[in-house]
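The next block holds one structure in the form of structure tokens; read it before the comments.
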Amino acid sequence: MMTKSRLEGFTDGILVIIFTIMILEFKVPNSSNITAILKQFPYFISYSIGWLFLGEAWYNHLYIASKIHRVTHKLFVINALWLFTTSFLPLATAWIGQDLSARGPEIFYGLVFLVWTAAFLLLVFTAILDNQKLGRLQEAEDLRQMRIVRYLTNPFAIISQGLAWLLILIFAPQFQLVIMVWQILFIAGRTNVDIDRQHSLNR
């Protein structure tokens with residue numbers, strides 16, 4: 001049976017590769033003029049948001065892992081699915097970085113985020129059910145009370161954001177990234193109050 005440490009090591013390795021691919025999308029300018037780098041400013045914007053998103057996703061995954069006590073085959077497969085959806089982030093980031101206002105790349109970026117969200121919730125709920133089966137009800141409740149989980153399972157929040165997202169993609173695609181930044185900073189970034197204490201105890 002796979003141990004939790006091996007699951008974390010596998011996950012960390014994949015995420016490090018994704019980070020690396022994103023930075024490699026930057027191209028060395030052919031000119032030595034400082035203004036030459038400005039041509040990559042659109043990608044710098046999408047890259048920065050992608051880096052922030054991936055960083056917060058990783059931190060939340062660390063919290064989920066801290067509440068896991070048994071790695072089942074189902075949990076491993078769903079974690080792999082979550083990593084699979086995350087692996088599309090470099091492609092979405094690179095494409096949207098070519099033109100921040102182009103509708104096609106923005107729609108693809110939104111679809112990647114949507115599928116990623118579904119995989120993330122599936123991972124959380126699988127960990128919750130596993131904890132319940134083991135009688136670890138407090139850990140299950142801690143996962144259920146994650147701010148990002150409460151937000152993503154709030155019908156009003158999801159419907160209102162979905163409508164706003166649709167209108168933005170139709171009329172002003174470039175503002176989708178504004179929603180992304182807001183979600184990262186005020187939803188994913190607002191972690192559980194015990195998360196830092198939990199990480200310190202696990203050292």
Side-chain angles (χ1 to χ4, degrees), residues 1-18 50 52-89 92 108-166 179-199 201-202:
M1 183 178 72
M2 175 173 283
T3 62
K4 185 171 74 170
S5 61
R6 292 193 66 184
L7 178 71
E8 290 178 299
F10 173 72
T11 301
D12 292 350
I14 297 298
L15 293 178
V16 167
I17 292 173
I18 294 173
L52 187 62
F53 168 73
L54 191 55
E56 289 296 343
W58 196 349
Y59 198 70
N60 277 284
H61 187 276
L62 289 173
Y63 182 75
I64 296 170
S66 73
K67 301 295 181 179
I68 294 174
H69 296 277
R70 183 181 65 182
V71 180
T72 62
H73 180 258
K74 181 179 180 180
L75 183 68
F76 174 80
V77 170
I78 293 176
N79 187 75
L81 174 64
W82 176 75
L83 288 171
F84 174 74
T85 62
T86 308
S87 69
F88 281 93
L89 185 60
F108 180 72
Y109 196 94
L111 289 175
V112 168
F113 180 72
L114 180 64
V115 175
W116 180 93
T117 300
F120 178 80
L121 286 176
L122 187 59
L123 177 62
V124 173
F125 288 132
T126 300
I128 290 174
L129 291 175
D130 285 348
N131 276 324
Q132 289 176 338
K133 291 177 182 178
L134 293 172
R136 296 182 177 274
L137 302 183
Q138 184 58 55
E139 285 88 343
E141 184 61 21
D142 289 341
L143 290 172
R144 193 177 287 109
Q145 290 303 317
M146 290 176 67
R147 288 188 175 95
I148 186 173
V149 174
R150 284 186 288 151
Y151 177 81
L152 293 175
T153 54
N154 183 317
F156 174 77
I158 294 303
I159 293 174
S160 58
Q161 180 182 294
L163 290 174
W165 213 306
L166 182 62
I179 294 182
M180 289 293 301
V181 172
W182 178 82
Q183 283 197 327
I184 294 168
L185 295 179
F186 297 102
I187 305 300
R190 295 180 61 200
T191 53
N192 282 27
V193 293
D194 69 321
I195 188 168
D196 291 317
R197 182 171 67 252
Q198 185 68 40
H199 290 343
L201 291 174
N202 288 339

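Ring geometry for Phe84 against Phe88 counts as perpendicular: the plane angle is over 60°, on a 0 to 90° scale with 30° as the lower cut.
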Legend entry - Test side chain to side chain contact (heavy atoms under 4.5 Å, CB included) applied to Gln145 and Val149, step by step: CA-CA 7 Å; Gln145 290 303 317; Val149 174; over 6 Å; no

Legend entry - Steps toward side chain to side chain contact (heavy atoms under 4.5 Å, CB included) verdict (Phe120, Thr85): CA-CA 9 Å; Phe120 178 80; Thr85 62; over 6 Å; no

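Of all heavy-atom pairs between Trp82 and Ala119, the closest is CA-CB, 3.9 Å. Nearest heavy atoms, Glu8 versus Ala65: OE2-CB, 3.4 Å. Across all their heavy atoms, Ala140 and Gln132 have their closest contact at CB-CG, 3.9 Å. Scanning both residues, Met146 and Ile64, for their nearest heavy atoms gives SD-CG1, 4.1 Å. In terms of heavy-atom proximity, Ile68 sits nearest to Val71 at CG2-CG2, 4.4 Å.
When side chains are defined from C-beta on, Leu123 counts as touching His61, because their heavy atoms get closer than 4.5 Å. Tyr63 is listed as a side-chain neighbour of Asp142, based on a closest heavy-atom distance under 4.5 Å. Counting heavy atoms from C-beta outward, Ile158 and Leu152 have side chains that approach closer than 4.5 Å. You'll find the side chain of Leu89 stays beyond 4.5 Å of the side chain of Phe113, heavy atoms only. Using a 4.5 Å heavy-atom cutoff, the side chains of Leu83 and Phe10 are in contact. A heavy-atom distance below 4.5 Å is not found between the side chains of Asn154 and Arg150. Side-chain contact between Thr86 and Leu15: present, with at least one pair of heavy atoms (C-beta onward) separated by less than 4.5 Å. In this structure, the side chains of Leu114 and Trp165 stay at 4.5 Å or more apart for every pair of heavy atoms.
No donor-acceptor pair closer than 3.5 Å links the side chain of Arg147 to the backbone N or O of Ile187. Lys74 places no side-chain N or O within 3.5 Å of a backbone atom of Thr126 that could act as its donor or acceptor partner.
We find the CG-CD1 distance between Asn60 and Ile148 to be 5.0 Å, quoted to the nearest 0.5 Å. The CD1 atom of Ile128 sits 8.5 Å away from the CD atom of Glu141 when rounded to the nearest 0.5 Å. In this structure, CD1 in Ile18 is found 9.5 Å from CH2 in Trp58, a value given to the nearest 0.5 Å. Atom NZ of Lys133 is separated from atom CZ of Arg70 by 7.5 Å, given to the nearest 0.5 angstrom. Between the OG1 atom of Thr11 and the CG atom of Leu62 there is a distance of 9.5 Å, given to the nearest 0.5 Å.
Exactly one residue among Gln138, Arg144, His69 makes a side chain to side chain contact (heavy atoms under 4.5 Å, CB included) with Asn131. That residue is His69. Put simply, the residue from Ile78, Thr153, Leu143 that forms a side chain to side chain contact (heavy atoms under 4.5 Å, CB included) with Phe125 is Thr153.
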